[in-house]
Amino acid sequence: MKPVNSVLSSFGVTVFETMSRLAMEQGAINLGQGFPDSNGPENLRRVAADAVIDGPNQYPPMLGIPELRQAIAAHNKRFYGLDVDWMTETMVTSGATEAINDCLMALIEPGDEVVLIEPLYDCYLPLVRRAGGVPKLVRMEPPEWQLNGDQLSAAFSRKTKLILLNSPHNPSAKVFNDDELKMIARLVIQHDAYAVCDEVYEHIVFDGKKHRPLMTFPGMRERCVRIGSAGKTFSMTAWKVGYITAPSELLSVIAKAHQFVTFTTPVNFQKATAFGLNQDDDYFENLAGELEAKRDLLKAALTDAGFAVMKTAGTYFLSIDIRSVGYTGSDVDFCQDITLNAGVSAIPLSAFYGPGSGVVDHFVRFCFCKQDSVLNDAAAKLKDWSMNKPKGPLD
Ligand code: PMP
Ligand code: GLN
């Protein structure tokens with residue numbers, strides 16, 4: 001038989017699914033895949049449920065319902081001072097993942113170069129390559145996760161079509177600072193390129209800091225596409241409502257990808273997301289505050305268990321250095337080991353690097369958007385395991 005698509009068939013099952021499946025089989029506490037263990041805010045669930053009962057339950061407009069698109073524009077103004085025309089510059093998608101796919105399909109011509117920063121979120125590389133893009137990877141490494149300006153400039157060329165930037169960044173939990181964003185903006189302008197900005201963790205930034213979209217930097221408004229997710233902002237990852245803000249010339253083409261991929265997004269979740277985005281500032285401050293307290297809790301408990309914990313400026317995640325407890329195996333071994341023997345699962349950071357990079361192999365990521373009792377329990381199990389168990393797969 002003729003071969004199937006070579007790009008997609010070259011990738012395995014995503015690490016998030018694999019680790020969640022293993023955690024479930026083993027009855028382990030799942031601190032791997034990033035999702036809260038609560039049901040999400042009841043007021044939003046009520047709006048969504050009422051919308052199903054009351055209807056309409058038929059195709060909403062392709063770009064999204066007006067009330068949500070107006071809420072997206074108002075949210076851009078309220079938090080970032082961005083003036084956005086909801087009718088020509090906003091679109092609703094079925095999750096940020098679809099939004100990323102739509103942007104890449106719409107902006108890339110086969111052979112275009114795409115600058116990507118490693119570690120990177122699982123769908124970036126396959127989607128860029130499936131769209132015909134040529135990935136140009138720039139690597140950040142723990143514990144400092146510095147973005148090297150020379151390496152970044154070297155990744156840009158005459159053929160660069162876009163950079164795909166994730167800030168706050170999964171899995172490093174880094175929030176790119178103004179100097180880094182200015183450097184990226186300068187390179188984007190210099191190479192007449194675009195920036196697709198995955199900002200799903202925009203409201204999950206800690207220590208009194210605030211997220212600054214690249215789109216707000218001089219010269220970036222007309223070159224940036226900004227992506228958000230109700231899954232993260234409202235702690236309901238199963239809802240799969242994403243939203244794009246982009247200049248109208250770009251959005252009109254991105255909308256073609258959406259038109260042919262999903263066409264639309266469940267209307268009840270759109271209504272509830274509109275309600276969510278229109279909530280007072282308190283909601284957004286509380287979200288960051290509650291998650292910051294959970295970060296502190298897990299960080300303190302893992303530090304007490306003897307692990308070296310990396311800085312965590314935002315997102316759902318913190319990472320540890322497994323060598324700090326004398327573990328000599330790889331990050332993948334460690335994640336298997338703790339799932340089986342400590343009853344806790346995590347994600348190896350090597351999974352966020354392209355094939356064969358092989359450099360970052362002893363850091364693992366834990367997700368802390370869980371109940372405090374679950375975090376305490378997990379840390380206690382890890383402490384017990386690390387004090388009593390062999391430190392490597394061969395010991
Ligand atoms: N981008 C990043 C960086 C993520 O961590 C995730 C996972 N939540 C997504 C995109 C996907 O978001 P969604 O579930 O809205 O598709
Ligand atoms: N964003 C989530 C994470 O990093 C995973 C989402 C997914 O499994 N697709 O854990």
Side-chain angles (χ1 to χ4, degrees), residues 11-24 30-37 40 64 68 72 91-104 116-128 140 145 163-176 196-205 211 213-214 225-244 258 261-262 265-266 269-270 272-273 276-277 291 312-319 335 345-353 363-370:
F11 287 90
V13 174
T14 173
V15 67
F16 306 122
E17 177 73 13
T18 310
M19 290 311 299
S20 280
R21 217 180 286 159
L22 186 65
M24 226 175 319
N30 189 356
L31 302 189
Q33 191 177 31
F35 61 90
D37 62 354
L68 176 50
I72 295 164
M91 183 173 81
V92 180
T93 58
S94 292
T97 311
E98 190 219 314
I100 295 163
N101 181 57
D102 293 349
C103 294
L104 298 176
L116 296 168
I117 298 174
E118 284 184 307
L120 35 71
Y121 184 57
D122 68 344
C123 68
Y124 289 7
L125 217 40
L127 293 181
V128 165
M140 302 191 301
W145 303 111
I163 179 169
L164 175 47
L165 177 71
N166 172 218
S167 184
H169 184 262
N170 177 10
S172 71
K174 170 190 171 100
V175 177
F176 286 82
V196 174
C197 301
D198 175 348
E199 303 183 356
V200 299
Y201 300 102
E202 61 188 320
H203 289 294
I204 310 178
V205 175
H211 170 66
L214 186 66
V225 177
R226 212 175 85 68
I227 297 170
S229 168
K232 301 294 159 352
T233 296
F234 303 112
S235 310
M236 289 188 278
T237 57
W239 278 22
K240 298 299 287 187
V241 177
Y243 24 94
I244 299 181
H258 173 67
V261 174
T262 57
T265 297
F269 294 141
Q270 291 198 47
T273 301
L277 285 176
L291 286 165
T312 302
T315 77
Y316 282 167
F317 310 111
L318 62 73
S319 295
C335 290
S345 37
I347 301 284
L349 286 197
S350 56
F352 296 84
Y353 288 83
F363 291 85
V364 308
R365 188 195 84 174
F366 291 104
C367 171
F368 54 75
C369 51
K370 309 287 177 186

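FYI, side chains are in, hydrogens and waters are out, and symmetry mates aren't considered; it's all heavy atoms of this structure. Read the numbers this way: they start at 1 and go in the same order the structure lists the ligands and their atoms. Position 1 is the first residue of the sequence, and the numbers go up from there.
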N/O contact list for ligand 1, threshold under 3.5 Å:
{"unit_1": "ligand 1", "atom_1": "1 (N)", "unit_2": "D198", "atom_2": "OD1", "d": "3.4"}
{"unit_1": "ligand 1", "atom_1": "1 (N)", "unit_2": "D198", "atom_2": "OD2", "d": "2.5"}
{"unit_1": "ligand 1", "atom_1": "5 (O)", "unit_2": "N170", "atom_2": "ND2", "d": "2.8"}
{"unit_1": "ligand 1", "atom_1": "5 (O)", "unit_2": "Y201", "atom_2": "OH", "d": "2.7"}
{"unit_1": "ligand 1", "atom_1": "8 (N)", "unit_2": "K232", "atom_2": "NZ", "d": "1.8"}
{"unit_1": "ligand 1", "atom_1": "14 (O)", "unit_2": "K240", "atom_2": "NZ", "d": "3.1"}
{"unit_1": "ligand 1", "atom_1": "15 (O)", "unit_2": "A96", "atom_2": "N", "d": "2.8"}
{"unit_1": "ligand 1", "atom_1": "15 (O)", "unit_2": "S229", "atom_2": "OG", "d": "2.8"}
{"unit_1": "ligand 1", "atom_1": "16 (O)", "unit_2": "A96", "atom_2": "N", "d": "3.1"}
{"unit_1": "ligand 1", "atom_1": "16 (O)", "unit_2": "T97", "atom_2": "N", "d": "2.9"}
{"unit_1": "ligand 1", "atom_1": "16 (O)", "unit_2": "T97", "atom_2": "OG1", "d": "2.6"}
{"unit_1": "ligand 1", "atom_1": "16 (O)", "unit_2": "K240", "atom_2": "NZ", "d": "2.7"}

Verify, without hydrogens or angle tests, whether S167 (side chain) and F176 (backbone) share a donor-acceptor contact under 3.5 angstrom.
-> yes

Are the side chains of I227 and I100 in touch, meaning some heavy atoms are under 4.5 Å apart?
-> yes

Any side-chain heavy atom of Y124 within less than 4.5 Å of one from F352?
-> no

I'd like the atom pairs linking ligand 2 to the protein - N or O on both sides, separation under 3.5 Å - with distances to 0.1 Å.
{"unit_1": "ligand 2", "atom_1": "1 (N)", "unit_2": "Y121", "atom_2": "OH", "d": "3.4"}
{"unit_1": "ligand 2", "atom_1": "4 (O)", "unit_2": "N170", "atom_2": "ND2", "d": "2.8"}
{"unit_1": "ligand 2", "atom_1": "4 (O)", "unit_2": "R365", "atom_2": "NH1", "d": "2.9"}
{"unit_1": "ligand 2", "atom_1": "4 (O)", "unit_2": "R365", "atom_2": "NH2", "d": "3.4"}
{"unit_1": "ligand 2", "atom_1": "8 (O)", "unit_2": "Q33", "atom_2": "NE2", "d": "2.7"}
{"unit_1": "ligand 2", "atom_1": "9 (N)", "unit_2": "Y121", "atom_2": "OH", "d": "3.3"}
{"unit_1": "ligand 2", "atom_1": "10 (O)", "unit_2": "G34", "atom_2": "N", "d": "2.6"}
{"unit_1": "ligand 2", "atom_1": "10 (O)", "unit_2": "R365", "atom_2": "NH2", "d": "2.6"}

Would E202 and R226 pass as an ion pair if we require N to O under 4.0 Å?
-> yes

Check step by step if side-chain hydrogen bond (donor to acceptor under 3.5 Å, both in side chains) holds for Q270 and T265.
-> CA-CA 7 Å; Q270 291 198 47; T265 297; 4.8 Å; no

Considering all heavy atoms of both residues, which atom of I244 and which atom of C103 are nearest to each other, and what is their separation?
-> CD1-SG, 4.1 Å

Over-ring placement of K370 relative to F368, 6.0 Å and 45° cut-offs | no

W145 backbone acceptor or donor facing H169 side chain under 3.5 Å = no

Would you say the side-chain atoms of N170 and T315 include a donor-acceptor pair closer than 3.5 Å?
-> no

